[in-house]
Amino acid sequence: MAAACRLPEGGLIDRSRTLRFAFDGRDYAGHPGDTLASALLANGVGLVGRSFKYHRPRGVLTAGPEEPNALVELREGARREPNSKATGVELFDGLTARSQNRWPSLEHDVGAVNGLLSPLFVAGFYYKTFKWPSAFWEKVYEPLIRRAAGLGRSSGLADPDSYEKAFAFCDVLVIGSGPAGLAGALAAGRAGARVILCEEDFAPGGRLLCEEDLEIDARPALDWAQDALRELAALPNVTVMPRTAVFGVYDGGTYGAIEKVGDHLPEPLPGQPRQRLWQIVAGRSILAAGAFERPLVFSGNDRPGVMMASAVRSYRSRFAVVPGRRAAVFTNNDDGWRTAFALAEAGATLEAVVDTRPQIDAAIRKRAGFLGTRIVTGGRVASTSGGRALAEIEVVDATGHVRHLGCDLLAMSGGFNPSLGLATHLGARPRWSEAIAAFRPDATPPGMSVVGAANGTFGTGAGLAEGFAAGQAAAAAAGFEAPVAEAPRARDETLAVSPVWHVAGKGKAFVDLQHDVTAKDVELAHREGFRSVELLKRYTTLGMATDQGKLSNINGHARMAELLGRPVEEVGTTVSRAPHVPVAIAAFAGHARGRHFKPTRLTAGHDFARRNGASFVETGQWLRAQWFARPGEADWLDSVVREVNAVRGGVGICDVSTLGKIDVQGADAGAFLNRVYVNAFAQLPVGRARYGLMLREDGFVLDDGTVARLGPEHFVLSTTTANAARIMKHLNFCAQVLWPELDVQLASVTEAWAQYAVAGPRSRQLLQAMLGQAFDLANERFPFMGVAEFEWAGVPVRLFRISFSGELAYEIAVPAHFGEALAEALMAAGGPLGATLYGTEALGVMRIEKGHVAGNELSGTTTAADLGLGRMMSTKKDFVGRALSGREGLVDSARIRFVGFRPVDPSARLSGGAHFLEVGAEPTTANDLGYATSVAFSPTLGHWIGLGLLRNGPERIGERLRAVDLLRGTDVEVEICSPVFVDPEGVRLRD
Amino acid sequence: MRYSIFSLAANALTGHRRWKPTWRDAAPKAGGYDVVVIGGGGHGLATAYYLARNHGIRNVAVIEKGWIGSGNVGRNTTIIRSNYLLPGNSSFYELSMKLWEGLEADLGYNAMVSQRGVLNLFHSDAQRDAYVRRGNAMRLEGIDAELLSREDVRREMPFLAFDDARFPIKGGLRQRRGGTARHDAVAWGYAGAASERGVDIIQNCEVTGFLTDPDGRVTGVETTRGAIRAGKTAMAVAGNSSRVAALAGFRLPIESHVLQAFVSEAIKPLIDNVVTFGAGHFYISQSDKGGLVFGGDIDGYNSYAQRGNLPTVEDVCEGGMALMPAIGRVRMLRSWGGIMDMSMDGSPIIDHAPVAGLYLNAGWCYGGFKATPASGHCFAHLIATDAPAREAAAYRLDRFERGYTIDEKGQGAQANLH
Amino acid sequence: MRIDCPFCGPRDLREFSFLGDAEAAGSALADATPAADAAAPDEAGRVYLRANPAGRHRGLWYHEAGCRSWLAIERDTRTHEIFSVELARKEPA
Amino acid sequence: MTDFALSERPAFFGAVLPTSAALAASERTGLGIATVTARRGRAGELAETVRAAFGVSLPSGPKAVRSGGLTFVGTGPGTWLAFQDGGGWRFARDLAERLGPLASVCDQSSGYGVLRVAGPKTRATLAKGVPVDLHPAAFRPGDAAVTLASHVGIVLWQVDEEPTYDIAVFRSLAGSFADWLAASAAEFTAVPGH
Ligand SMILES: Cc1cc2nc3c(=O)[nH]c(=O)nc-3n(C[C@H](O)[C@H](O)[C@H](O)COP(=O)(O)OP(=O)(O)OC[C@H]3O[C@@H](n4cnc5c(N)ncnc54)[C@H](O)[C@@H]3O)c2cc1C
Ligand SMILES: NC(=O)c1ccc[n+]([C@@H]2O[C@H](COP(=O)([O-])OP(=O)(O)OC[C@H]3O[C@@H](n4cnc5c(N)ncnc54)[C@H](O)[C@@H]3O)[C@@H](O)[C@H]2O)c1
Ligand SMILES: Cc1cc2nc3c(=O)[nH]c(=O)nc-3n(C[C@H](O)[C@H](O)[C@H](O)COP(=O)(O)O)c2cc1C
Ligand SMILES: [Zn+2]
């Protein structure tokens with residue numbers, strides 16, 4: 001049935017090229033310029049989908065993004081896109097599509113049995129039943145409901161295409177390129193303003209592409225549109241963006257838009273994203289998004305073959321398709337008649353024009369007289385019949401006389417709803433207009449004007465004038481004086497709509513076609529008290545389908561108003577929300593997915609570590625070397641044990657560059673540090689470092705680190721890796737907001753320095769060998785907590801004698817560009833000493849052996865006293881957090897406090913996150929004494945050790961408790977001990 | 001109760017013309033009430049229900065400024081769970097879980113409680129330790145918790161990003177009894193059951209002030225529909241807590257923040273549990289209708305507008321694509337926002353207000369939907385007996401001043417970090 | 001949202017982070033040696049009881065991905081309209 | 001004294017940078033970079049001294065001013081990033097000496113990698129992650145911004161009308177920035193005909 005419904009000529013399609021496509025496994029042909037819907041209709045395919053609940057057969061209803069019925073699974077494999085609107089899919093060669101929500105086939109869908117059960121499946125039926133037996137809900141009923149619902153299938157595979165984001169700025173954003181939008185863009189563009197014109201469709205022009213009877217400035221409207229587009233293209237200050245839908249309005253003149261860059265191609269071109277998410281910042285905007293035609297609610301209004309009247313014109317004029325041979329029109333306004341005339345001109349047999357209005361305009365009547373068709377005024381279409389395709393309509397005239405007319409196309413028009421969703425995204429509510437029987441925008445987002453059909457101005461001439469004026473005003477607001485010029489002229493079509501919210505008749509009259517919400521469901525909701533339109537929506541799902549009620553809402557809301565006996569104005573309409581058109585989730589992510597989800601920070605020695613066999617671990621955004629596996633090592637624990645032993649017995653080297661480093665200078669730098677740390681720094685001698693602890697304002701520990709004094713007015717402090725940005729922010733707050741009177745300057749120098757820990761009894765030997773005469777490391781010259789700056793090997797060096805491992809240790813820093821070379825130099829100097837690289841895992845083991853607190857203990861809920869650091873809190877000065885650290889709850893003796901523990905059976909393994917219980921106590925919350933924060937196998941001691949927070953912890957040292965991990969099923973008897981397992985006197989690090 | 005498959009079938013035969021309103025739409029009674037509950041959200045309605053059911057207090061009104069369920073109960077991502085860490089929380093949320101488990105039978109209304117399991121993923125060893133600690137705390141409280149390995153997770157959800165991930169999945173903590181419930185139906189079910197027991201549900205009635213006696217004791221409310229006297233007045237207004245408290249002349253340790261949520265177009269079943277990403281702000285489940293319901297972090301600035309901005313939308317979807325690249329071509333259908341009562345320690349308050357005669361239920365952050373039954377239960381207990389329910393005993397207002405904050409996340413006194 | 005940073009000019013929301021009410025965020029650090037036990041009585045109130053009005057509100061923001069200035073921004077919490085943006089740093093005379 | 005010098009490895013070493021006619025990026029190596037922050041109450045004297053010593057007026061806003069091989073970029077109130085061609089790490093030390101008690105100076109010669117980016121598609125590429133209006137009507141040579149590129153913090157300033165931009169990126173993030181830049185430019189560099 002090739003091109004069954006395609007007219008022999010006309011339309012905005014390129015007949016010189018043929019595009020092949022497949023629907024439900026059958027091959028068809030279409031042309032460039034077609035949508036999937038127009039190509040299907042051209043091929044005489046009327047049945048394209050099944051509805052959500054009753055699985056009713058459905059065809060193409062509209063020609064635009066409001067389509068509720070013709071939803072397909074587009075493409076195959078990982079590129080499958082469920083719920084694609086055939087009316088919005090631009091045809092390409094090789095396109096494949098499949099109908100959805102049916103089984104086993106579109107023609108024979110078992111789910112249609114739901115339609116038979118529909119007396120039970122009314123709105124909200126599931127709330128009233130399926131309660132018994134209770135286990136049945138999850139096991140039986142819910143899975144059934146879920147499978148029956150749901151429309152199309154996602155591929156379940158990772159999306160193979162790429163996506164981008166982009167930012168754009170303009171003086172004037174014009175949304176929509178119909179006559180009103182084009183006029184707005186021309187006026188603003190000619191004045192010199194920076195204009196962006198976004199058009200959702202692949203072809204700009206709006207309704208002008210679809211109406212053959214329009215003239216603008218005394219020319220065919222399409223010619224005018226093409227000239228306008230040419231002029232806009234030539235203006236350097238104007239950007240026309242086709243295939244770009246504005247989907248959201250956000251604060252401060254920010255708009256979201258989605259550009260379909262490669263969707264009209266079988267696959268995006270190399271380097272091209274599939275879609276691009278635009279954030280557009282506009283001084284002003286002009287909403288010229290047109291209007292959506294409203295269905296009439298009558299029995300059988302969902303049957304394939306029933307279409308929106310203006311869509312029938314679109315197919316005819318733009319796509320040269322007349323989707324029926326014997327047609328009828330059902331309308332309550334003048335616009336429906338334009339479809340009648342267009343159908344007649346296209347050669348279709350017009351069986352009847354049924355107008356609900358008793359009276360129609362004389363000019364129309366006169367012109368209709370020439371059609372020679374049946375004209376029924378004050379009448380209605382009471383029902384349709386015909387199974388999977390329209391065959392007959394039942395027409396009732398003003399006298400109640402019933403007639404059955406055979407036809408395969410019924411064009412219906414219930415009036416027009418301005419597409420004003422975007423005007424309400426910031427909370428403005430639309431206002432009901434009796435004149436057009438629809439909501440019009442009232443207040444709008446700051447800077448937005450609404451023009452043309454979107455503003456309820458349905459006449460082309462008036463829309464052009466509105467658009468033009470808005471364009472000039474918007475340009476003027478941006479400081480561009482528009483040249484004096486007249487708006488383009490056109491005549492205004494009439495509408496004269498007389499609303500009908502529900503046409504009496506037997507059988508299902510659909511309000512929301514996709515969700516199968518019927519007029520009866522609205523009545524039921526009313527009866528059961530779901531009377532606010534928002535409750536109506538939630539109870540019946542009216543307007544919650546993929547079209548978001550663009551066609552259905554007003555019909556449902558107005559019907560509710562009728563039932564309530566109140567004006568529509570009072571009853572109102574539901575809130576519309578972004579995205580105005582559905583947007584692929586991947587588009588919002590853009591580049592930031594997979595490996596690129598978050599940036600990766602690499603230290604200067606990253607490649608060096610990799611070359612040396614490092615495995616890496618994520619620490620915030622950093623990658624850190626976790627351990628360095630060597631051939632023959634069975635698992636990571638082998639490597640870590642070797643690394644720890646190497647440090648404790650010789651010397652190890654570890655990249656510690658990721659710790660935050662903040663440079664603090666100024667006459668008041670010392671005073672400043674005194675206020676942000678619990679302990680004192682003002683008197684710290686130059687050339688010395690000190691461990692410091694910061695509290696939050698609420699008295700809990702914020703972070704720890706070392707502070708080194710490099711000069712009288714110069715300190716550098718370190719933060720934990722994870723907290724670096726937070727501490728910088730906190731210190732900036734202190735400096736700028738709390739104490740602006742202090743002379744203190746802060747700079748993050750984390751990135752500037754590569755820093756390596758050199759730890760172990762041979763660390764001094766190694767460094768001395770490497771540094772030679774550049775620096776003397778003798779203990780008395782450079783003692784524990786010493787700090788020095790000097791130059792060596794052509795670079796400045798910062799040397800700190802600090803130790804996390806508890807061994808004699810140093811940290812050496814050079815400008816990061818030299819970091820890799822430093823690592824190599826360290827290894828070279830350390831070679832003869834057996835120097836070993838170690839990673840964060842060994843570092844962690846050694847800090848546990850040494851009882852140093854780290855991230856697991858600095859959990860944001862511990863106080864200095866909890867961690868055994870209470871004595872650091874100075875009583876000689878005030879500091880951030882001091883006041884609230886004294887609250888009852890923070891000094892309560894029942895708090896859990898820092899201890900060490902070890903298994904009584906040395907072969908037993910400990911488990912992080914285990915809780916402490918008394919021996920013999922029931923595992924209950926009441927008996928919970930605390931938990932293990934950090935555990936490790938200690939190569940130094942030859943058994944597992946742990947750190948924990950325990951109620952009355954320090955007082956329990958020597959007691960035996962159990963560390964119970966109910967998740968892993970372990971229960972280990974442990975002895976509570978000091979958290980310092982190795983060298984508690986601290987002899988090693990001072991040697 | 002009155003709803004069953006039989007009543008449904010019988011009504012089907014008569015064209016569903018005999019159904020009565022699910023709840024009575026009442027007007028304020030001139031004589032006033034024993035208890036006026038401000039806020040027709042889940043918590044307010046549940047409170048009224050349990051006042052009537054558990055304490056025999058039936059002369060109760062619930063006052064709602066819009067339509068019932070128009071607040072957060074009608075806009076949350078429906079997750080219910082009791083996988084809390086701290087003792088003050090876990091007993092309370094577990095009470096809630098138990099009430100959920102019996103809710104349908106209790107109310108005679110199918111709120112579609114679906115215990116499909118909640119899975120929290122972790123991505124580092126430290127996170128695993130933290131989840132093990134939490135799971136053990138749950139088990140000590142008698143709450144179910146399981147530790148899943150990376151391979152366990154892969155077996156169940158092969159479409160998560162296991163390869164080329166920025167933060168590889170290392171495993172997860174699962175609560176099988178957690179899941180979802182049909183949010184709106186929770187409000188309707190409580191409303192219906194409360195109304196049936198005599199509670200007046202008054203919609204389109206906004207509290208604009210408080211009536212007080214000369215001692216300053218609250219004796220009722222001033223509303224857009226006139227003054228309403230009350231023996232006791234209780235507020236359960238979630239995101240509007242600070243505003244209503246201001247009417248009574250006090251401040252709360254609460255900031256209002258907008259949280260956005262998202263739903264995709266309906267698709268056939270893909271995700272059969274609730275999953276949260278441990279290395280980004282993203283959580284997701286699939287509604288019975290087929291929509292992927294997901295969310296992430298709050299926008300981060302205080303707000304009373306029920307909408308947010310693009311950066312957060314992007315952040316959430318980035319999390320989604322990092323975890324679940326299979327949803328890339330599924331389209332976001334709708335986004336919305338709710339105003340949350342973010343407390344300064346992330347935990348709620350159920351206590352006497354600083355003003356006599358007024359009772360306070362607030363500070364639910366983004367986690368109060370799951371609390372609905374227990375919140376109503378415990379708040380009703382407090383109102384009826386003037387003593388805190390055992391499970392909610394930690395939710396005192398003076399804990400901030402006294403230093404007994406219940407800070408699950410360890411973020412301290414900054415509302416938008418909880 | 002767009003925030004007109006006094007230093008950087010109008011910038012996107014994504015560059016900023018919010019701290020809280022501007023009045024409440026201060027620090028009552030004692031200049032002299034504090035009595036070790038005396039928690040300032042209103043300190044908990046200052047830290048926890050933040051102004052949270054529906055309407056005009058002055059909040060503290062940080063231009064984190066920009067000039068790193070702390071800003072005091074007056075904004076309507078119902079509409080997100082911004083009335084003023086200034087550096088939070090007050091240079092003492 | 002040791003007689004060898006450590007070898008230097010710049011931030012973008014090994015990164016794959018776009019080098020097409022549409023957009024080309026290359027690293028400016030060997031720069032001396034320093035943060036300069038005015039001491040409290042000394043901003044005026046600082047500006048005087050800088051003018052006298054280097055012949056430039058310190059910008060008070062987000063601008064880049066240049067004199068010979070030296071560029072000062074305003075990055076915040078009272079704060080600048082200074083760049084000196086070929087200055088290396090010694091630049092900050094010398095600058096600190098010149099400015100004495102008027103400013104706090106920190107060496108950042110290794111803290112950033114600086115790319116020079118130019119070509120007709122530069123603006124279109126940067127727009128894919130930089131939320132600042134770079135249109136010639138809004139951003140001109142000498143204008144600067146501390147901002148983002150996707151999720152990476154950058155300091156960006158326009159060098160000439162071509163347009164050429166210099167972009168400073170924290171060293172550890174150079175690889176991620178290069179990934180983003182390459183991905184964003186791919187449309188212009190990978191598609192034949194562009
Ligand atoms: C997007 C989002 C996702 C969430 N996801 C989850 C989740 O997955 N799981 C979870 O457990 N929680 C979640 N939450 C939180 C949860 O929804 C809330 O904590 C909970 O619903 C709050 O209690 P409520 O139901 O009583 O509140 P609401 O429903 O907000 O009830 C308060 C009511 O008070 C009314 N009111 C306010 N002021 C007045 C006045 N002056 N006079 C009269 N009436 C007034 C309001 O109109 C409102 O109806 C989420 C919240 C949001 C916004
Ligand atoms: N006689 C009537 O009653 C009647 C009724 C309705 C419309 N019309 C006719 O329709 C025309 C209306 O002109 P108009 O310019 O107001 O509208 P239009 O329908 O001609 O153009 C609107 C354009 O906006 C685009 N658009 C919509 N939403 C968008 C979004 N979010 N992002 C990007 N693009 C978007 C559409 O794709 C369309 O091209 C007139 O010719 C008018 O006569 C007549
Ligand atoms: C769990 C859940 C599922 C939802 N599913 C849908 C849906 O399928 N379709 C829809 O249009 N909206 C859906 N919504 C969103 C509502 O339409 C609505 O946006 C939300 O309740 C907030 O109300 P508001 O947008 O009117 O302010 C859902 C909301 C929730 C909480
Ligand atoms: Zn700034």
Side-chain angles (χ1 to χ4, degrees), chain A residues 162 164-169 194 261 269-273 276 279 281 590-592 596 598-604 607 621-622 663 665-668 714 741-747 749-754 770-774 792-796 814-822 825, chain D residues 1-2 4-11 14 33 35 37-41 78-79 88-90 93 101 103-112 124 127-133 135 137-138 150-152 170-177 179-180 183-192 194:
Chain A
S162 72
E164 275 179 5
K165 297 181 192 173
F167 297 89
F169 299 81
R194 281 169 73 188
V261 181
L269 301 174
Q272 207 180 41
R276 191 178 288 133
Q279 177 179 306
V281 178
H591 178 67
H596 303 294
K598 289 276 143 82
T600 304
R601 301 179 73 178
L602 302 180
T603 67
D607 282 350
Q621 293 189 347
W622 291 98
D663 186 278
Q665 299 189 43
D668 299 318
H714 191 185
E741 70 280 5
L742 297 186
D743 177 36
V744 57
Q745 292 82 39
L746 303 164
V749 293
T750 308
E751 297 274 350
W753 297 88
M770 185 182 85
L771 296 173
Q773 292 171 4
W792 160 74
V795 298
V814 297
H817 289 353
F818 304 96
E820 183 170 53
L822 170 66
Chain D
M1 280 300 287
T2 36
F4 77 100
L6 293 186
S7 60
E8 195 169 351
R9 176 174 158 149
I33 310 176
T35 42
T37 310
R39 286 292 191 89
R40 222 190 103 60
T79 303
W89 60 268
R90 287 184 181 83
R93 194 181 56 190
S104 294
V105 176
C106 287
D107 174 29
Q108 300 280 10
S109 56
S110 283
Y112 294 91
K128 296 180 187 187
V130 179
V132 171
D133 188 358
H135 188 276
S150 192
H151 287 300
V152 175
F170 275 138
R171 184 193 158 93
S172 72
L173 289 158
S176 284
F177 179 84
D179 283 348
W180 167 79
S184 299
E187 183 180 30
F188 310 119
T189 52
V191 183
H194 275 276

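All heavy atoms count here, side chains included; hydrogens, waters and symmetry mates do not.
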Assert top hit (heavy-atom pairs under 4.5 Å, partner chain D, pool V795(A), V744(A), T603(A), T750(A)) equals V795(A)
- Can D668(A) and R39(D) be counted as an ion pair, charged N to O under 4.0 angstrom? no
Per-residue tally against chain D (heavy atom, under 4.5 Å) across F169(A), W753(A), W622(A) peaks at F169(A)
Chain D shares the most heavy-atom pairs under 4.5 Å, among R601(A), R276(A), H817(A), with H817(A)
Pair count under 4.5 Å, heavy atoms only, with chain A: among K128(D), R90(D), R93(D), highest is K128(D)
Heaviest contributor of heavy-atom pairs below 4.5 Å to chain A, chosen from P131(D), G78(D), C106(D), is P131(D)
So, the part of A604(A) with a heavy atom under 4.5 Å from chain D: the answer is both
Given T600(A), V281(A), V814(A), D663(A), the one with more heavy-atom pairs under 4.5 angstrom with chain D than any other is T600(A)
Nearest heavy-atom contact between W792(A) and M770(A) is NE1-O, 3.2 Å
What one should report as the nearest heavy-atom pair of A816(A) and R171(D) is CB-CD, 3.5 Å
Taken to the nearest 0.5 Å, the spacing of F170(D) CZ from F177(D) CZ works out to 13.5 Å
Heavy-atom closest pair (Q745(A) atom, A38(D) atom, distance to 0.1 Å) is NE2-O, 3.5 Å
